[in-house]
Amino acid sequence: MTLALELLELATRIARDAGALAHQRRQEGVTVAATKSAAADIVTAADREVEAFIRAELARERPEDGFFGEESAAAEGQSGITWVVDPIDGTVNYAYGIPAWAVSIAAVEGPADTASWTALAGVVFNPVTNELFRASRGGGAWLGEQRLSVTSDVGEAGGLVATGFGYDPATHAPALEQLSRVMPVARDVRRIGAASLDLASVAAGRMDAYYERGTNPWDHAAGALLVSEAGGMLGGAPGGRPGKGMVIAAGAEFFPVLDAILDY
Ligand code: IPD
């Protein structure tokens with residue numbers, strides 16, 4: 001078995017267990033534990049518990065690897081592999097009981113930096129719908145037995161475009177201005193509230209595109225691999241790669257249209 005497939009197998013097992021734990025905690029009731037970058041940027045006790053669970057499982061199975069997660073301090077490893085983890089992506093949905101949140105786990109090679117890493121394996125698991133999206137480098141993107149591919153032709157109506165607005169109020173006015181430029185090429189827009197699921201939706205052909213400014217590496221590491229393995233294009237900033245400055249994902253035909261319009 002290749003290293004990428006080995007990492008994918010481990011990520012899949014841990015994501016399923018972590019998702020079951022998060023789902024159980026959701027059913028028991030959710031309380032907000034703290035706010036982070038803004039009043040709307042919340043963390044629940046479950047986010048912390050689920051990340052601690054994932055981290056402990058990874059440390060047990062692959063003690064030489066690094067860790068880069070949303071809720072705890074990053075740690076460098078010695079193996080060249082780093083795990084990039086969002087225990088609950090879509091925390092606001094989770095807190096409100098909206099069934100659009102996911103466990104996102106990626107294994108990347110190289111520096112723990114979106115500008116230079118190479119993703120080897122990625123899993124996005126929504127425990128409410130029981131959908132587990134997975135991809136390994138060179139091995140395609142999959143939902144169960146179904147191989148995923150992005151849409152190719154958005155047609156005259158334009159693309160169905162997913163986006164998000166982030167938590168920083170200072171970015172909202174420019175984001176709305178950007179959205180007004182996207183609308184003429186969009187059939188419609190969706191703001192689902194979990195970047196990892198937006199990217200998984202692009203990979204699965206449920207959306208034609210996704211873009212967002214201000215996301216963190218753990219929001220898009222696994223989802224970006226899903227999109228590229230499903231034949232999609234990725235871009236953004238810094239460095240023309242998905243990053244804090246911008247993430248764009250779409251099929252080859254629609255990508256350049258969106259990329260030019262966004263003008264980030
Ligand atoms: C958030 C979600 C949301 C996106 C935010 C992210 P979190 O992740 O992915 O869709 O708009 O930028 O921070 O905080 O729920 O893990």
Side-chain angles (χ1 to χ4, degrees), residues 70 84 86 89-90 100 102 104 106 108 110 113-119 122 124 133 135 137 140-141 148-155 157-168 170-264:
E70 178 167 19
V84 186
D86 193 340
D89 180 42
S104 176
V108 304
D113 170 10
T114 53
S116 48
W117 73 35
T118 302
V124 174
F133 301 87
R137 188 166 190 79
L148 303 179
S149 65
V150 299
T151 56
S152 52
D153 180 12
V154 302
L160 186 60
V161 180
T163 190
F165 302 102
Y167 298 118
D168 179 0
T171 65
H172 293 166
L176 289 171
E177 190 273 324
Q178 218 161 27
L179 181 61
S180 72
R181 280 184 273 125
V182 170
M183 285 310 284
V185 298
R187 171 187 292 270
D188 203 346
V189 294
R190 297 288 183 267
R191 197 300 187 240
I192 288 183
S196 61
L197 289 175
D198 288 327
L199 286 160
S201 296
V202 173
R206 295 177 183 175
M207 295 280 177
D208 294 305
Y210 162 72
Y211 78 90
E212 184 167 354
R213 186 196 163 283
T215 55
N216 289 298
W218 44 79
D219 297 315
H220 55 77
L225 182 64
L226 286 166
V227 171
S228 62
E229 287 296 324
M233 287 182 71
L234 288 152
R241 294 183 52 143
K244 194 98 181 162
M246 180 58 76
V247 177
I248 308 178
E253 186 195 298
F254 195 47
F255 182 92
V257 176
L258 204 54
D259 192 43
I261 280 177
L262 284 169
D263 188 25
Y264 47 95

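- Between A162 and M207 the shortest heavy-atom distance is CB-SD, 3.9 Å.
- The side-chain contact (heavy atoms from CB on, under 4.5 Å) with F254 is formed by just one residue from the set V161, T151, D153, I248; it is V161.
- At least one side-chain heavy atom of Y211 sits under 4.5 Å from a side-chain heavy atom of V182.
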Using residues 192-205 as the side-chain source, report each donor-acceptor pair under 3.5 Å to any protein atom, sequence neighbours left out, with the distance given to one decimal.
from, atom 1, to, atom 2, distance (Å)
S196, OG, D89, OD2, 2.7
S201, OG, L197, O, 2.8

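- Between L234 and S228 the shortest heavy-atom distance is CD1-CB, 3.8 Å.
- Between V108 and A119, the closest heavy-atom pair is CG1-CA, 3.9 Å.
- Although no hydrogens or angles enter the test, the distance criterion places no donor-acceptor pair under 3.5 Å between the side chain of H220 and the main chain of K244.
- Checking side-chain atoms of D168 against main-chain N and O of A170 turns up a donor-acceptor pair under 3.5 Å.
- Annotation: the span from D263 atom CG to L258 atom CG amounts to 12.0 Å, rounded to 0.5 Å.
- Interatomic distance, F133 CZ to E229 CD, rounded to the nearest 0.5 Å: 15.5 Å.
- The nearest pair of heavy atoms linking A209 to A250 is CB-CB, 3.7 Å.
- Side-chain contact between M246 and Q178 is present, with at least one heavy-atom pair separated by less than 4.5 Å.
- In plain terms, the two heavy atoms of A222 and S104 that are nearest each other are CB-OG, 3.5 Å.
- A side-chain donor-acceptor contact under 3.5 Å links D208 to the backbone of L160.
- Counting only heavy atoms from C-beta outward, the side chains of F165 and L176 approach each other to under 4.5 Å.
- Not one N or O on the side chain of R187 forms a donor-acceptor pair closer than 3.5 Å with the backbone of A157.
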